[in-house]
Amino acid sequence: MVSAAAAWWLAAQAPGGGVSERARALHARSLVFDGHVHAVDREFYHGGDIGQRKPDGQFDLPRAKEGGLGALFFSIFVTEDYYPARLETKQALRMLDCAVDQIARNSQAIEIAHTATEIERIRQSGKIAAVLDIEGSFDLDGDPAVIREMYRLGMRSVQLSAHNWTSNYADSCCSTPKWKGLNDRGREVIREMNRLGMVINVSHASDEAISQAIDLSTDPVVATHHGMRAINDIPRNMPDWLIKKLAAKGGVFGFQMGNDFHNRKAFDWSTQHSGKAFWDTSAIRERGTKLDIYELDKLVAPKFPMVPLDVPQEIRLTVDEWVGVVDRAIQLVGEDHVSLGTDFDGGPPLPRGMRDVRDLPMITDAMLRRGYSEERIRKFLGGNLLRVFRRITEKW
């Protein structure tokens, strides 16, 4: 039986568009749960409303509804610019305040969820469920008191690494290691997040930090927006042995949508034309502590929304080829341990022909063409992430 929300979405779809009717119908009756979206960066730095359709970028609520999105990890992104002067805790609270305000002013369309049951209730009401997730957890500094306060404010997911910068408790994938993974504070963070029922999100962490988090955590861990190093050998991606270890503990591996992660030709093209890898923070380190928080806001604002380089279409993966990368992981660890983590408005150069969140049904269609069962597709689109989120947040 199709829910009211699904029926509305089906009715709103323009015919054609290269997506089959079977795919549209399956997409409409599935929970599409995106593990990573930069949903509020633009609004914090430039004003506006996530409920208003934007002429550019990859995400807003009207387009999300057209794409059949049912739930998302609503990223509270604290960029490295705030780290040198130790302004990141304040910035995290400012970003969180903006996120909560944006969700409240669009309460007819989106609502904060703290558990899997709440996600299901919100989705049945026709709204999108938002799970608050912090990206750039340098501000936690391994302090359980800060984690507890974030939890009280509604946060249910923390990315263990401080984005592309090694923190005072966990090494990053893309910065000089300091702790050989986690230090004592990092281990305390894992234990406290397990106690509270928060998702341990290992995207951006080093291999050693991820491996140690999996060993220590009593809950599954999640890599919300990642890639496979076997496909593109860059430090931001995860090696096969570590994906297997994550899956063996019950975790899920979320696939970012960008060509830079899954396509070596595109990564090399982007690096050549930007002059640096996308995780390079050397300029921020060199700038140091010269600016106050309001000056940093003005400096950072032009970065958002994060617009990807215009990678030539002829070297981009097609959506079918992107699904082929997902298939490689399914062959490695099975269909219960893969999920969606687009990183919309976080700078991913999308697969060929994909514009933004409106085009999520293209993934469903490509999976049908590959011969996937409807059950497997529903697991990838959101079922697997919901299962793990339920285990973590409803274990009492």
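Please read all numbers here as calculations on a predicted model, not as lab measurements.
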Practice item. Please step through salt bridge (charged side-chain N to carboxylate O under 4.0 Å, His left out) for the pair Arg316 and Asp310, ending with a clear verdict. Key: CA-CA 10 Å; Arg316 294 191 189 213; Asp310 189 16; 3.6 Å; yes

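- Side-chain N/O atoms of Asp268 and Gln272 include no donor and acceptor closer than 3.5 Å.
- Judged by distance alone, the side chains of Asp49 and Asn106 do bring a donor and an acceptor atom under 3.5 Å apart.
- When side chains are defined from C-beta on, Arg121 counts as touching Glu111, because their heavy atoms get closer than 4.5 Å.
- Atoms CZ and OG, from Phe59 and Ser75 in turn, are 11.5 Å apart once rounded to the nearest 0.5 Å.
- Checked against Phe74 for a side-chain contact (heavy atoms from CB on, under 4.5 Å), the options Val131, Ile110, Asp133 give a single hit: Ile110.
- From Arg152, atom CZ reaches atom CG of Leu196 across 8.5 Å, with rounding to the nearest 0.5 Å.
- Here the straight-line distance linking atom OG1 of Thr393 with atom CG of Leu386 works out to 8.5 Å at 0.5 Å rounding.
- Ile76 and Phe389 are members of different hydrophobic clusters when ILVMFWY side chains are connected at heavy-atom separations under 4.5 Å.
- Comment: Lys90 does not engage Glu88 in a salt bridge, judged by the lack of any side-chain N to carboxylate O separation of less than 4.0 angstrom.
- With a 4.5 Å cut-off on side-chain heavy atoms, Leu340 and Leu360 count as touching.
- At least one side-chain heavy atom of Arg328 sits under 4.5 Å from a side-chain heavy atom of Met228.
- In summary, Glu118 and Arg390 do not engage in a salt bridge, as defined by a charged side-chain N under 4.0 Å from a carboxylate O.
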Check your understanding: Could you walk me through whether Leu309 and Trp269 pass the side chain to side chain contact (heavy atoms under 4.5 Å, CB included) check?
Key -> CA-CA 9 Å; Leu309 290 177; Trp269 187 95; 3.9 Å; yes

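- Between the side chains of Asp171 and Ser206, no donor-acceptor pair of N or O atoms lies under 3.5 Å.
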**Study point:** CA sep, side-chain torsions, deciding dist, call: Lys379, Asp336, salt bridge (charged side-chain N to carboxylate O under 4.0 Å, His left out)
**Key:** CA-CA 7 Å; Lys379 285 180 178 181; Asp336 294 326; 2.7 Å; yes

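- In this structure, a donor-acceptor pair under 3.5 Å is absent between the side chains of Ser339 and Asn384.
- Classified by interplanar angle (parallel below 30°, tilted 30° to 60°, perpendicular above 60°), the ring pair His226/Phe253 is tilted.
- Look at Arg185 and Glu188 and you find no salt bridge, because none of the NZ, NE, NH1 or NH2 atoms lies under 4.0 Å from a carboxylate O.
- A donor-acceptor contact under 3.5 angstrom links the side chains of Asp280 and Ser282, judged on distance only.
- The shortest side-chain heavy-atom distance between Gln159 and Ile134 does not fall under the 4.5 Å cut-off.
- Side-chain N/O atoms of Arg264 and Asn232 include a donor and acceptor closer than 3.5 Å.
- The structure places CE of Met362 at 8.5 Å from OG1 of Thr318, a figure rounded to the nearest 0.5 Å.
- Arg236 and Ser172 share no donor-acceptor pair across their side chains, judged by distance under 3.5 Å alone.
- Ring pair His262/Phe255 is tilted by interplanar angle, where 30° to 60° counts as tilted.
- Interatomic distance, CZ of Arg376 versus CE of Met367, reported as 9.0 Å (0.5 Å rounding).
- Inter-residue side-chain proximity for Arg191 and Pro144 is flagged as unmet; no heavy-atom pair is nearer than 4.5 Å.
- Residue Ser107 comes nearest to Lys127 through the heavy atom pair O-NZ, 2.9 Å, listed as atom of the first residue, atom of the second, then distance.
- Within 6.0 Å of NZ on Lys265 lie no more than 12 heavy atoms contributed by other residues, nucleotides or ligands.
- Taking the ring centre of Tyr151 as origin, the terminal cationic atom of Arg148 falls outside the region bounded by 6.0 Å and 45° from the ring axis.
- In this structure, the side chains of Arg387 and Val252 come closer than 4.5 Å at one or more pairs of heavy atoms.
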Check your understanding: After noting the C-alpha distance and the side-chain angles of Ser211 and Lys245, does the key distance pass the side-chain hydrogen bond (donor to acceptor under 3.5 Å, both in side chains) rule?
Key -> CA-CA 8 Å; Ser211 181; Lys245 184 171 184 175; 2.6 Å; yes

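- Asp240 has no carboxylate O lying under 4.0 Å from a charged side-chain N of Lys244, or vice versa, which leaves the two without a salt bridge.
- For His337 (side chain) and Ile330 (main-chain N/O), no donor-acceptor pair under 3.5 Å exists by modelled atom type.
- Contact of the His27 side chain with the Val32 side chain is registered, since non-hydrogen atoms from C-beta on lie closer than 4.5 Å.
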Practice item. Applying side-chain hydrogen bond (donor to acceptor under 3.5 Å, both in side chains), run through His36 and Glu135 and close with a yes or a no. Key: CA-CA 9 Å; His36 190 70; Glu135 179 172 34; 3.0 Å; yes

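- Sparse packing is recorded around NZ of Lys180, with 12 or fewer heavy atoms of other residues, nucleotides or ligands lying under 6.0 Å away.
- Side chains of Thr79 and Asp81: a donor-acceptor N/O pair is present below 3.5 angstrom, by distance only.
- How far CE of Met150 is from CE of Met155: 5.0 Å, rounded to the nearest 0.5 Å.
- When side chains are defined from C-beta on, Thr224 counts as touching Asn201, because their heavy atoms get closer than 4.5 Å.
- A side-chain donor from one of Glu394 and Thr117 sits under 3.5 Å from a side-chain acceptor of the other.
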Exercise for review: Kindly indicate, with the supporting measurements, whether the criterion side chain to side chain contact (heavy atoms under 4.5 Å, CB included) is fulfilled by Leu296 and Arg287.
Suggested key: CA-CA 11 Å; Leu296 285 170; Arg287 183 169 66 242; 4.3 Å; yes

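- When only modelled atom types and interatomic distance are considered, Asp143 and Tyr169 share no side-chain donor-acceptor pair under 3.5 Å.
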